[in-house]
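Below is one structure, written out as structure tokens; comments come after it.
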Amino acid sequence: MSRKLAEKSGGGRRRQLFGHPAGLTILFLTEMWADFSYYGMRALLVYYMTRRLGFTIATASTVYGLYTASAHLTPLAGGLLADRWLGKRNSVAAGATIMAAGHFMMGVPALFFPALAIIAIGFGLFLPSLPGQVASLYPPNDARLDRAYSVYYVGINLGSFLAPLVCGTLGEKYGWSVGFGAAGVGMLAGLVIYLAGMPLLPRAVSPRTHRRDRAGFAPRLRPLVCPLLAVALAVILFRIAYEQIGNSIALWAEAGVDRDIGVSGHFVVPMTWFQSLNPLFIFLFTPIILRWWAWQGGRRKEPAAIGKMSFGAALLGAAFLVIAVASADQESGGVRASWEVLVLFMAVLTAGELFFMPIGLSLVTKLAPPEDRATLLGGWFILAFVANLCAGMLGRNFGAWPPEIFFAVCGAVALASAILLWSIRRVDLSVGEGAS
């Protein structure tokens, strides 16, 4: 439906808001506040360890790495608990409550390590249980599902965009406990929204009622083992290249890019400002891409999920090839690359991300029946964990290799992901779509 709100009675599945179930707004806001809390705490973490707790940079970096790695490992266990025993609603509520408690504990130095452990546990319960509920808002084979996850992805980025500005500023100006407390309040806000919006969400089903359905899932999955392994490898390859945005790209922006834009004399753009281009482009590009997909869907020409992801990986590869060429010109001319090149890179990278990341979430929910969605989403985050480790290993070569070679390798890795996905684009991966 295209009108703003239709069929006000009849339960969560029938209520519509801008052509989507109204429950999508509840999940969007819950995810936004959850990411606000997670990234708000993370923005303060290293500074808190070095300035307040007296950790060395090496120790703080080690603790930070172990914490972020744990945050990508616990969702697998959390997904299993949600699917087998707790149920998705209970897991979201419990995870949000536990995370909020951990954030409030962070401001007490003696509770630092217990607080980190508690946040990681809560994150593991929360993270895989929420996005799977997006798919349950829609009937099987609904073409709007990919677009729904793109909207949901904006919530993720909106929360992560606001978090450093709010929590970081409060922490630096008014004290660490205030900054961490703001992250905790954000998580509680998400919990309140989730609990208040439950009538608009998918009906809660006890995990016990699904146990008999799992026996038939494995036989349907066996013929797809090779294509699924190909998808997993493609996701890892994509993220290996994509995650360079936080390390090698940041280093190149500092040393290899002319950031003087010549406004009011000579204004040098701070390096960190370029990092904000990614969420900014996500906000700008998402409505355009959604309209394009809707236009294609109306003509029955909208690509399948694998086709969209392949195109996204190709865009990411093209983005890296752009700065590889710019770096080569820089080497031959002895001048730094123009800042416009970095902006172009971020724009193309973000477009590729929007064709890949949210569609990957959508694909995972299509692959699994509702009773196993949280578990498979936990597996999605395991892929992110592996990819981040590999991205760090690749990033160690930045500086040892000429920049144009390094970025060409990154582009080749992304293009390998695109080719791998393109080769399986005709495989039917809708094994789990029968039940919603």
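A quick note: this is a predicted structure, and the numbers were derived from the prediction, not measured.
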Between Phe320 and Phe345 (judged by ring centroids, cut-off 6.0 Å), do the two rings come close enough to count as a pair? yes
Side chain to side chain contact (heavy atoms under 4.5 Å, CB included) for Phe406 and Ser327? Distances and angles first, verdict last. CA-CA 10 Å; Phe406 179 84; Ser327 296; over 6 Å; no
Flag the pair Arg42 and Asp35 as a salt bridge only when some basic side-chain nitrogen lies within less than 4.0 angstrom of an acidic carboxylate oxygen. no
Derivation and outcome, side chain to side chain contact (heavy atoms under 4.5 Å, CB included), residues Phe281 and Glu353: CA-CA 10 Å; Phe281 283 134; Glu353 175 185 359; over 6 Å; no
Between Leu200 and Ala22 the two heavy atoms that sit nearest each other are CD1-CB, 4.1 Å
Between CE of Met99 and OG of Ser37, what distance do you get to the nearest 0.5 Å? 5.5 Å
Is there a side-chain contact between Phe356 and Val235 (heavy atoms, below 4.5 Å)? yes
Determine the interplanar angle of the Phe398 and Phe407 rings, folded into 0 to 90°, and report it as parallel if under 30°, tilted if 30 to 60°, perpendicular if over 60°. tilted
What about Phe55 and Tyr48, are their ring centers closer than 6.0 Å? no
Is Glu302 paired with Arg147 through a side-chain N to carboxylate O contact shorter than 4.0 Å? yes
Tell me the closest heavy-atom pair linking Met106 and Ile119, and the distance in Å. CG-CD1, 4.0 Å
For Leu44 and Cys167, the nearest pair of non-hydrogen atoms, with its separation, is CD1-O, 3.7 Å
Please determine, by modelled atom types, if Gln133 and Tyr194 share a side-chain donor-acceptor pair under 3.5 angstrom. yes
With a 6.0 Å cut-off on the ring centroids, do Phe123 and Tyr38 count as close? yes
For Trp293 and Asp146, work out which heavy atoms get closest and say how close. CZ3-O, 4.4 Å
Calculate, to the nearest 0.5 Å, the distance between atoms CG and CG belonging to Leu349 and Leu316 respectively. 5.5 Å
For the atom pair CZ (Arg144) and CG (Leu290), what is the distance rounded to the nearest 0.5 Å? 13.0 Å
Rounded distance (nearest 0.5 Å) linking atom CG of Leu116 with atom CG of Leu45: 6.0 Å
Step through the shown structure and confirm whether more than 12 heavy atoms of other residues, nucleotides or ligands are within 6.0 Å of CZ on Arg291. no
Do any N or O atoms from the side chain of Thr169 and from the backbone of Val166 form a donor-acceptor pair under 3.5 angstrom? no
Between Thr365 and Val134, is a side chain to side chain contact (heavy atoms under 4.5 Å, CB included) present by the stated rule, with each step listed? CA-CA 9 Å; Thr365 62; Val134 174; over 6 Å; no
Over 12 foreign heavy atoms within 6.0 Å of OH, Tyr174: no
Say whether, by atom type as modelled, one donor and one acceptor occur between the side chain of Ser417 and the main chain of Leu237 under 3.5 angstrom. no
With a 3.5 Å distance limit and no angle check, can you tell me whether Asp83 reaches the backbone of Thr375 through a side-chain donor-acceptor pair? yes
In this structure, are over 12 heavy atoms from other groups packed under 6.0 Å from Tyr47 atom OH? no
Ignoring hydrogens and angles, tell me if any N or O in the side chain of Ser70 forms a donor-acceptor pair with the backbone of Leu66 under 3.5 Å. yes
Classify the ring geometry between Trp33 and Phe36 as parallel (under 30°), tilted (30 to 60°) or perpendicular (over 60°). perpendicular
Donor-acceptor pair, Arg89 side chain versus Met198 backbone, under 3.5 Å? yes
Is any side-chain heavy atom of Phe112 less than 4.5 Å from a side-chain heavy atom of Val63? yes
Kindly assign one of parallel, tilted or perpendicular to the pair Tyr138 and His20, based on the angle between their ring planes and the thresholds 30° and 60°. perpendicular
Between Pro128 and Ala374, which heavy-atom pair has the shortest distance, and what is it? CB-O, 3.3 Å
Does the side chain to side chain contact (heavy atoms under 4.5 Å, CB included) test come out yes or no for Leu73 and Phe381, once each step is laid out? CA-CA 7 Å; Leu73 286 176; Phe381 294 106; over 6 Å; no
Check: Ile121 main-chain N/O paired with Thr74 side-chain donor or acceptor under 3.5 Å: no
Show the nearest heavy-atom pair for residues Leu201 and Gly23, with the distance to one decimal. CD2-O, 3.7 Å
Return the CH2 to CG distance between Trp380 and Leu361, rounded to the nearest 0.5 Å. 5.5 Å
Main-chain N/O of Pro358 paired with Ser362 side-chain donor or acceptor, under 3.5 Å: no
Do Leu376 and Leu367 touch side chain to side chain, with heavy atoms closer than 4.5 Å? yes
Working to the nearest 0.5 Å, report the span between CZ of Phe104 and CD1 of Ile118. 13.0 Å
Is any side-chain heavy atom of Ile245 less than 4.5 Å from a side-chain heavy atom of Met346? yes
Are side-chain heavy atoms of Phe238 and Leu233 found at a separation under 4.5 Å? no
Under 3.5 Å, is there a donor-acceptor pair between the side chain of Tyr64 and the main chain of Met49? no
Output field: ring centroids Phe285/Trp292 closer than 6.0 Å: no
With sequence neighbours left out, what residues match Glu243 under salt bridge (Lys or Arg N to Asp or Glu O under 4.0 Å)? Arg239
Is there a side-chain contact between Met32 and Phe161 in this structure, where contact means two heavy atoms from C-beta onward sitting under 4.5 Å apart? no
In the structure I gave you, are the side-chain heavy atoms of Tyr153 and Thr286 within less than 4.5 Å of one another anywhere? no
Side chains of Arg373 and Val364, heavy atoms from C-beta outward: is any pair under 4.5 Å? no
